[in-house]
Structure formats: C-alpha cells, structure tokens
Amino acid sequence: MEQFEKYPVSLTNSLSGKKELFTPINSGFVGMYVCGPTVYSHVHLGNVRTFLSFDIISRYFRFLGYKVRYVRNITDVGHLENDADEGEDKIAKKARLEKIEPMEVVKQYTEDFHQVMRQFNILPPSIEPSATGHILEQIEITKELINKGLAYESNGSVYFNVRKYNNDHHYGILSGRNIEELMESGRELDNQDEKREKIDFALWKKASPHHIMRWPSPWGDGFPGWHIECTVMSTKYLGETFDIHGGGMDLKFPHHECEIAQGTAATGKTPVNYWLHSNMLTVNGQKMSKSLGNSFLPSELFEGSHSLLDRGYGAMTVRFFMLQSHYSSTLDFSNEALQAAEKGFKKLANALNLIKNIEHTTNNTGKEITNKELTTLTRACYQNMSDDFNTAKTLAVLFEMAGRINDMKSGNLQLTALDPVVFNDFKKTYIGFMESVLGLEEEKGQHDELLDGTVRLLIELRKKARTDKNFSLSDKIRDDLKKIGIQIKDGKDGEMTYTID
RNA sequence: GGUUCCGUGGCCGAGUGGCUAGGCUGAGCUCUGCAAAAGCUCCUACAGCGGUUCGAAUCCGCUCGGAACCUCCA
C-alpha cells in the first residue's frame, strides 16, 4: 500500500474555493504546472515564497510515493509592462535600458534565479521550458483560435475575443468575475486601440520597427502575448487536461483566467482540475512588490544590508520562517519574526543532528504509553501535510518530536522503553519530514575539517582543565570561543559538543 | 465603485461548532563547579455588538479596522 493511499491528500481548489480530496487523472501520477518568473530582474523574497510553497507540494507528493512531473516555466518574452497598446515587453525594455541583447538579460536573470533557488534548497522542476523555445506552438494555437472564430487579427496583432468565448463559457470562473463588471472598470479604449473590447487580450503582438525581439508569423513580425505561453507549455508537457496548476495569488486574474479561456477554447476541454494559489509575502501588512519598492533581495537578507533588518539571516532560517504559516495566508516579514524563526529552526536542526546518531538495538517491547505517543506524533506529520500541505501544523509536531529526541539524548526517555519498530519509524519520519518534505537542512557554514580539528583540540584541553579542576582555564577556553561565535556545550557524561553561530 | 480575503495571548503564527497548536519573548524551578543546552511549570487569546445553538474564536447579521485583485507584479 502506497503512502498516498494511507494518507490521501486534500487541497484547497481556487476554482471551487473549497478543500477537495485530490484525485489524480492517472493513479499514482501527478502533473503540475507552476508559473515561473519573468526573468527581467532579480527575484525578491516574495517570489521565493511562491516557489517555496510549490517546492513543498511537489516534494510531499513524491514523498508519498507519487510520480510527479513538475513543470515550471521561464517567461523570457511576451510579458508586457502594461496592457495598453504601447505596452513594452519587460525583457526588451530592460535590454534597451542596459544596451544589451534581450537574451543577455534573460540569461543573466535566469542564472540569478537558479542560484537563489539553490540557496533556499528549492529543487529544480522536472521540466523548465521557456517561452522563446515555444514560439512555433504559440503561433499554431493562435491560428487555431482564429480558425475557431475566437480570436481576430487587427493590424498585425491577434486578440482573444472574450465576449464571444463568454457566450458558451464563463470568463471569470476562477476569480469570480463577470464580463459586465469588468467592462465597467479599468482603462477605457481609445482610438489608437486595436482591440475590439477592452477585456480582450493579446495572443500575438506586432513588433514595431524598433522592437528587438521579433519572430515571423502569418500576421507579420511580432512576439507572443503573455498568457498564451503557459497554455502552450502546460498542455505540451502535461496534456490538455492536467492535475494541478499553481502560481501566486496575484496571477489569478487576469493571467490564469486567460489561460483557462484560451485552453478551453482551443481544446474544448477543461485545462486544469485543481488550481492552487499561494498568498503574498507582506511588509508591514503591505504586499512585497517591486513597484511598491518594499521588496527584499535574497542578497540583502543574507548580508543584512536592508534598512529594515538589524543583521543578516541564513536561507534555512527564512525557509523555516515561511513554512510556519500556511501557503494560502499572507505572511508578514519582519526583523522580530526572523529572530524568533532563527532560534526555532536551530532547535529543530539540533534535534535532527541528535536523532541521526541515536540507534536502537535492544529488542525490548517497551512501554505502551510512550510508544503510543511516538506513534501518534509520527502519524500526525503525514496527516497534517496531507491536509492541504499544512506546514505550520507539521512544524508544531516536529517541535514535539524534537522534545522527545532531546529526552532520548538526556536520558529522560529510555530507549529500552521503546519498541524498536516504533522508534525506527519515528526516526525515519523526523528525518524524512525535515529533509525530504520540508527541505530543512543544517545551515551550510564554514565547518571545514581544519576548523573542526582545531575546536576538537581545544575541547580536549578544556576537558583536561576540568578534570584538573582548573575552572578558570576551562572557562576561559569556553568564553573566548563564545566571543568568536563558537558555543561549547557540556554533556552530562563529560562529553562536549559545539555549535557555530 | 465591483470582487475576494483577513482581524487570534507581549510578538509571530496554526486552528475553525465542544477535546482550549507551535515557535519566540518574559517569570520560576530542575540538571550543572559555573554557564550554555535540555527538561518541567506559569502568564491562556480569539476586533466590537447582536443572533442561531445545550455549547461559537469557529456559523449568520451589522459595525469598525486592514489587505489583495479589478494596469504590471509570485
């Protein structure tokens, strides 16, 4: 029996607004698509949160035994600065400003994005397609939509006819809108507009003579619209209907709404069964965003060089911090919250280190009450994660488990009181959820062998000083090391361990 | 203006009809040569006002406050 049968996953589907039991199209397989970054500048921590949320989701599905195909795209063309007709492509604009090739912009920020993902221990997707690698497919689907009468050409650009689509379908099904309301708000059309109605959106944009990103098409030189890339790449690699589509809450409208409309119009099928949206990272209650100027770059966080930070924090501290809230809630970013997270994370990491070195060898059947408690904790990890990927609840359980691990270490809890099967399950679960599911690993410091050997030597000297009752010397060794960031801890049995801040 | 969401103890944050997460901070205790770490204990909350119910932080209504989307943003 697979773990996913034992702990069936339920998730909040944005389409229904309700928590639903997850049933994949193909038993044992999960196909998920997540909107990746537009690589025209550095990713900030708000972006990181979204990719972290879906990292956890893909990790957990795999942990349960599913075969997961996780597709996350790179948007390297087609994302306009705004929806007005003079709207410029974000990549092209950046390239023009820096006087370099658009693909240089794309390369630079894609590399940056990948580096940030690695720093936060966010695993790469199974497929990472780019919009420029799928121009042909985007032209094909645009042609198909014209043939079906749901798109029209206008002065070298092609637009999706929202009103016509809405005759047979509901445009706004995901975000709870209707086109009458949409027609009432927003920017009005002017004479310059090529669109028939302001709610129509571009599938293909004509490239003006000075435009540097351009491809030939049946409608002349141009470039694809923003939304069509995701429809093309998701269906190409996951099928016309696939299991999960994720992304940030701010993409719900219009981006995901347009994807639904295009996909449904092109294939006649519902493109996605479950829509998942991760919520925003906020600063003082306001959304972290580049345009508001309140975004934090990962480098500013590590170095503590942002004005709102007292000092730097490690990537794992931030990862833990973000996992303390549910992905569908907003999360407020602050110095105080990070400080608290750092201590909490250290506690869990320490227990992780301890449990790895605890072995149960006896065959004692153990005390029923203790065994029961450990079994309950072990199961709770799965139950909480299967309940809409509730990392906050899971972490609460891991803290309980860490307490029991410390008890095992100190002797408050005798291993002989435990059933070996229960213990091994407990151990495997703690390590598995920490590392494989939540991706929380020890902060990678400069623990090189040279330093380790040096500290061990000092520890030996301190042990000698203590047995000689030379406390002034033993205290000096401890205190001086503490000053440079190395904390010596005395064990009950005279053993000493150390941690580096 | 329209659509949606949120308001939880000193702070951060889960939960969402009865079983009162968790972390951080603070106070006390145990262990320890002294520390640190660890363990135990304490401070026990759901914006306000009504209503439904045997019972509501959780459901409903109103009021106040905040946010997101309706231009671009994960």
Side-chain angles (χ1 to χ4, degrees), chain A residues 14 17 34-38 40-41 43-54 79-84 87 90 172 175-178 180-182 184-187 199 226 246-255 257 277-282 285-292 295 320-321 324-326 328-334 336-348 350-351 354 380 384 387 390-400 402-403 405-407 409-413 466 469 471-472 474-475 478-479 482 487-492 496-499:
Chain A
S14 305
V34 172
C35 291
T38 301
Y40 70 105
S41 68
V43 284
H44 64 242
L45 289 171
N47 304 119
V48 170
R49 186 187 185 202
T50 295
F51 301 125
L52 171 62
S53 299
F54 292 103
H79 200 158
L80 302 182
E81 280 284 305
N82 60 58
D83 199 32
K90 281 175 186 276
S175 54
R177 283 157 221 247
N178 58 59
E180 283 72 32
E181 281 167 5
L182 289 167
E184 282 167 20
S185 63
R187 191 184 62 92
I199 47 174
W226 175 35
M249 199 79 103
D250 49 358
L251 295 183
K252 209 169 175 181
F253 187 91
H255 186 56
E257 206 67 77
H277 288 98
S278 63
N279 215 138
M280 300 293 105
L281 186 65
T282 62
Q286 266 207 324
K287 175 181 171 178
M288 183 184 284
S289 78
K290 280 169 199 161
S291 49
L292 283 170
S295 61
F320 168 86
F321 162 71
Q324 272 186 305
S325 76
H326 192 252
S328 66
S329 303
T330 55
L331 173 64
D332 203 61
F333 193 78
S334 71
E336 296 71 36
L338 283 174
Q339 269 171 14
E342 189 173 67
K343 290 199 179 174
F345 170 65
K346 270 189 183 169
K347 206 165 172 177
L348 289 184
N350 189 247
L354 290 179
N384 289 326
D387 182 9
N390 198 321
T391 52
K393 276 178 106 173
T394 305
L395 282 174
V397 177
L398 290 176
F399 272 107
E400 302 273 337
I405 291 167
N406 286 324
D407 282 339
K409 170 70 179 172
S410 69
N412 283 346
L413 200 164
R466 285 189 76 203
K469 300 243 184 278
F471 293 124
S472 64
S474 73
D475 285 357
R478 186 182 63 200
D479 297 345
K482 172 78 178 158
Q487 174 73 58
I488 302 280
K489 294 176 202 167
D490 295 341
K492 227 173 186 175
M496 293 178 199
T497 55
Y498 72 96
T499 56

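Throughout, a chain's letter reflects where its sequence line sits, starting with A, and its residues are numbered from 1. Just so you know, these numbers use all the heavy atoms, side chains as well, and skip hydrogens, waters and symmetry mates.
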Please report the distance, rounded to the nearest Å, between CG in A:L45 and P in B:A74. 13 Å
Nearest to the side chain of A:L331, which nucleotide is it out of B:A38, B:G13, B:C70? B:G13
Given B:G13, B:A68, B:G33, identify the nucleotide with an atom nearest to the side chain of A:D475. B:G33
Need one value for A:G403: base, sugar-phosphate or nothing, where a base atom within 4.0 Å counts as base even if backbone is also close, heavy atoms only. sugar-phosphate
To the side chain of A:M288, which of B:A74, B:A68, B:C72 is closest? B:A74
Give A:S291 one of three labels, base, sugar-phosphate or nothing, depending on what nucleic acid heavy atoms sit under 4.0 Å from its own. base
Rounding to the closest angstrom, what is the interatomic distance between B:C31 and B:G23 at atom P? 24 Å
Give the dot-bracket line for RNA chain B from 5' end to 3' end: parentheses for intra-strand Watson-Crick or G-U pairs under 3.5 Å, square brackets for crossings, | for inter-strand pairing, dots for unpaired. (((((((..(((.....[...))).(((((.......)))))....(((((..]....))))))))))))....
Apply side chain to side chain contact (heavy atoms under 4.5 Å, CB included) to the pair A:N279 and A:R49, showing each step before the final yes or no. CA-CA 9 Å; A:N279 215 138; A:R49 186 187 185 202; 4.1 Å; yes
How close or far is atom P of B:A37 from atom NZ of A:K489, stated in whole angstroms? 8 Å
Determine the contact category for A:N350: base if any of its heavy atoms lies under 4.0 Å from a base atom, sugar-phosphate if only primed atoms, P, OP1 or OP2 are that close, otherwise nothing. nothing
Any side-chain donor near an acceptor of the partner, A:T282 and A:D332, under 3.5 Å: yes
A:H277 near the nucleic acid: base, sugar-phosphate alone, or nothing, with a heavy-atom cut-off under 4.0 Å? nothing
Expressed in whole Å, how much space separates the C1' atoms belonging to B:G9 and B:A47? 14 Å
Is A:L292 touching bases, backbone alone, or none of the nucleic acid, heavy atoms closer than 4.0 Å? nothing
Enumerate the protein-to-nucleotides 2-6 of chain B contacts in which both atoms are nitrogen or oxygen and the separation is below 3.5 Å.
from	atom 1	to	atom 2	distance (Å)
B:G2	O2'	A:E181	OE1	3.2
B:G2	O2'	A:E181	OE2	3.4
B:U3	O2'	A:G176	O	3.3

Could you tell me how the ring of A:W226 sits relative to the ring of A:H255: parallel (under 30°), tilted (30 to 60°) or perpendicular (over 60°)? parallel
Could you tell me if the side chain of A:K489 sits less than 4.5 Å from the side chain of A:N350, heavy atoms only? yes
Value in whole Å for how far the P atom of B:A37 lies from CG of A:D407: 17 Å
Report which part of the nucleic acid A:L398 touches: base, sugar-phosphate, or nothing (heavy-atom distance under 4.0 Å, all strands). nothing
Pick the nucleotide of RNA chain B nearest each of A:G36 and A:N406; which residue has the one closer to the 5' end? A:N406
Students often get this wrong, so: under 4.0 angstrom with heavy atoms, is A:K90 touching a base, only sugar-phosphate, or nothing? sugar-phosphate
A:K469 NZ to B:C34 P, straight-line distance once rounded to whole Å: 11 Å
What integer number of Å spans the C1' atoms of B:G61 and B:C42? 39 Å
On a whole-Å scale, what distance lies between the C1' atoms belonging to B:G22 and B:G66? 25 Å
Using the C1' atom as the reference point in each nucleotide, state the distance between B:A38 and B:U4 in Å, no decimals. 46 Å
Separation of atom CE in A:M496 from atom C1' in B:A38, rounded to whole Å: 17 Å
Once you round it to whole Å, what is the distance between P of B:A35 and CZ of A:R478? 9 Å
Describe the nucleic acid contact of A:M249 in one word from base, sugar-phosphate, nothing, applying a heavy-atom distance below 4.0 Å. nothing
Would you say a side-chain N or O of A:K287 is under 4.0 Å from OP1 or OP2 of B:A74? no
Are side-chain N/O atoms of A:K252 and A:S14 paired as donor and acceptor at under 3.5 Å? no
Assign each of A:F471 and A:S325 to its nearest nucleotide of RNA chain B by heavy atoms, then name whichever residue's nucleotide is nearer the 5' end. A:S325
Measure from CG on A:L182 to C1' on B:U71 and round the result to the nearest Å. 13 Å
Heavy-atom contacts, protein to nucleotides 15-32 of chain B, under 4.0 Å, summarised as B (base), S (sugar-phosphate only) or - (none) per nt, yield S-----BBSSS-----S-
More than 12 foreign heavy atoms under 6.0 Å from NZ of A:K290: is that the case here? yes
Nearest whole angstrom, please: distance from the P of B:A74 to the CZ of A:F253. 17 Å
Counting any heavy atom closer than 4.0 Å, what does A:G46 reach on the DNA or RNA strands: base, sugar-phosphate only, or nothing? base
